[in-house]
Asker: 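Below you will find the structure I want to go over with you.
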2 protein chains.
Amino acid sequence: MRLTTKGRYAVTAMLDLAINHNKDSVTLRNIAENQKISLSYLEQLFAKLRKQDLVKGMRGPGGGYRLARSADEISIAQIIRAVDEPMEFTDCHGLENCKGGERCLSHHLWVQLTDQLDDFLSNIYLGALMRESEQALEQRRTEPRQTGDRQKVTVPMH
Amino acid sequence: MRLTTKGRYAVTAMLDLAINHNKDSVTLRNIAENQKISLSYLEQLFAKLRKQDLVKGMRGPGGGYRLARSADEISIAQIIRAVDEPMEFTDCHGLENCKGGERCLSHHLWVQLTDQLDDFLSNIYLGALMRESEQALEQRRTEPRQTGDRQKVTVPMH
DNA sequence: TATAATACCTAGTATTTTAGTAGGTTATAA
DNA sequence: TTATAACCTACTAAAATACTAGGTATTATA
């Protein structure tokens, strides 16, 4: 599991979709403008999200994208896995390449580590992020931001 | 916080150092051979680790590297932060750039998300990984691996 | 004191990934 | 019929990753 800006683009775009779930669909053009990413690049990211059945596209005027499932059924890990190629582990075929098993081992430990990370991100759902977002937006509307007022938005796990 | 193969190289190399803490030092040449990374590239990674005071180098024959602190005081997050440049968040200066605050917000949420990730990796220490590693090595020595025997090495948190 | 081993340093190049561009086609609402 | 959108493919640009080459500085030891 990698974690780069590419994954961030995808998560933010998906969040955009989740926040606008009340609308029938959101066009990539809108998202591209909001996020200042090139439209065509976004299209390429969404092709991957579509293949993983995370979004659904509708053509023609009034068309656009919407989430293929409920925001509460889409985890951050799923989004990142869809666009970020998985890390490659150089495979040491059997024991013969491994001096005293040491290489194989640290290897294995790293796999475990990324598994843990995957678990972690698998338990954060788009729905939770969305509600946090709406809440913060509401808060900002009612109590306008003061200078130096850094509101902490906690992301609840599980 | 990014997470790429570069960070993996660094973590594995540091684990190598931790496992060999009984020796006075380990040469980069050894690590390079174990991990099949170019020596000079490793040197560059270790320059960063040195700057963050995670390792200590000793010159001359019999020299090499050792951990600058106890393995129980070095977290995975520290290692990754040392070598992987932090993700850049496009800064939207104040409210004027943000349409309805939406952009700022997803932005902020992403910062929170990476904070969570950072917290998570900050609570896994090299010492724990090292002990797991030694344990698994011992296990392999006493009960030789059978075909299809995938031993699960758990990484304890906290 | 000479030598070899090692860290340590700098400036490159090659490769891969990320990001963007261009120019399409298909589907569909109006 | 037209405009709007998804959808697709091939290419280029920019950045990051990985490596190469060729040094200097330090130090144990023969």
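Chain identifiers are assigned alphabetically (A, B, ...) following the order of the sequence lines, protein sequences preceding nucleic acid strands; residue numbering begins at 1 within each chain. Keep in mind the model is a prediction, meaning the values are calculated, not measured.
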Asker: Which whole-number value in Å describes the distance from A/I80 CD1 to C/dT18 P?
Answerer: 13 Å

Asker: Parallel, tilted or perpendicular: which describes the rings of A/Y65 and A/F46, with under 30° parallel and over 60° perpendicular?
Answerer: tilted

Asker: Tell me which one of A/K48, A/M14, A/R66 satisfies side-chain contact (heavy atoms from CB on, under 4.5 Å) with A/V55.
Answerer: A/M14

Asker: Check the distance between D/dA6's P and A/R66's CZ and give it to me in whole angstrom.
Answerer: 14 Å

Asker: Starting at CG of B/L129, measure out to CD1 of B/I74 and round the result to the nearest 0.5 Å.
Answerer: 11.5 Å

Asker: How many Å lie between CG on A/D84 and P on C/dT18, as a whole number?
Answerer: 6 Å

Asker: A/L28 has an atom CG; how far is it from atom P of D/dT4, in whole Å?
Answerer: 16 Å

Asker: Considering residues at least two apart in sequence or located in another chain, which fulfil the side chain to side chain contact (heavy atoms under 4.5 Å, CB included) criterion with B/D118?
Answerer: B/M1, B/R81, B/S122

Asker: Taking the inter-plane angle between the rings of A/F120 and B/F120 on a 0 to 90° scale, is it parallel (under 30°), tilted (30 to 60°) or perpendicular (over 60°)?
Answerer: parallel

Asker: Which of residues 38-58 of chain B have a heavy atom under 4.0 Å from DNA chain C?
Answerer: B/E43, B/Q44, B/R50, B/G57, B/M58

Asker: Can you find a side chain N or O atom of B/R29 that sits less than 4.0 Å from OP1 or OP2 on C/dA4?
Answerer: no

Asker: Strictly below 4.0 Å, N to O, side chains only: are B/D72 and B/R131 in salt-bridge contact?
Answerer: yes

Asker: Please enumerate all protein N or O atoms sitting under 3.5 Å from an N or O of nucleotides 26-30 of chain D, with distances to 0.1 Å.
Answerer:
{"unit_1": "D/dT26", "atom_1": "O4'", "unit_2": "B/R59", "atom_2": "NH1", "d": "2.9"}

Asker: Could you give the CG-to-C1' distance, from A/L3 to C/dT18, as a whole number of Å?
Answerer: 15 Å

Asker: Would you check if the side chain of A/N123 reaches a backbone N or O of A/D119 as a donor-acceptor pair within less than 3.5 Å?
Answerer: yes

Asker: Taking CG from B/D24 and C1' from C/dA5, how many angstroms apart are they, rounded to a whole number?
Answerer: 16 Å

Asker: Any side-chain N or O of A/Y65 below 4.0 angstrom from OP1/OP2 of D/dC7?
Answerer: yes

Asker: Provide, to the nearest angstrom, the distance between the CD atom belonging to B/E33 and the P atom belonging to C/dT6.
Answerer: 11 Å

Asker: May I have the distance from B/K6 (atom NZ) to D/dA15 (atom P), rounded to whole angstrom?
Answerer: 15 Å

Asker: Atom CG of B/L49 and atom CD1 of B/I79: how far apart are they, to the nearest 0.5 Å?
Answerer: 7.5 Å

Asker: Is atom CZ of B/R69 surrounded by more than 12 heavy atoms (other residues, nucleotides or ligands) closer than 6.0 Å?
Answerer: yes

Asker: Within the structure, does a side-chain N or O atom of B/T5 lie under 4.0 Å from either OP1 or OP2 of D/dA18?
Answerer: yes

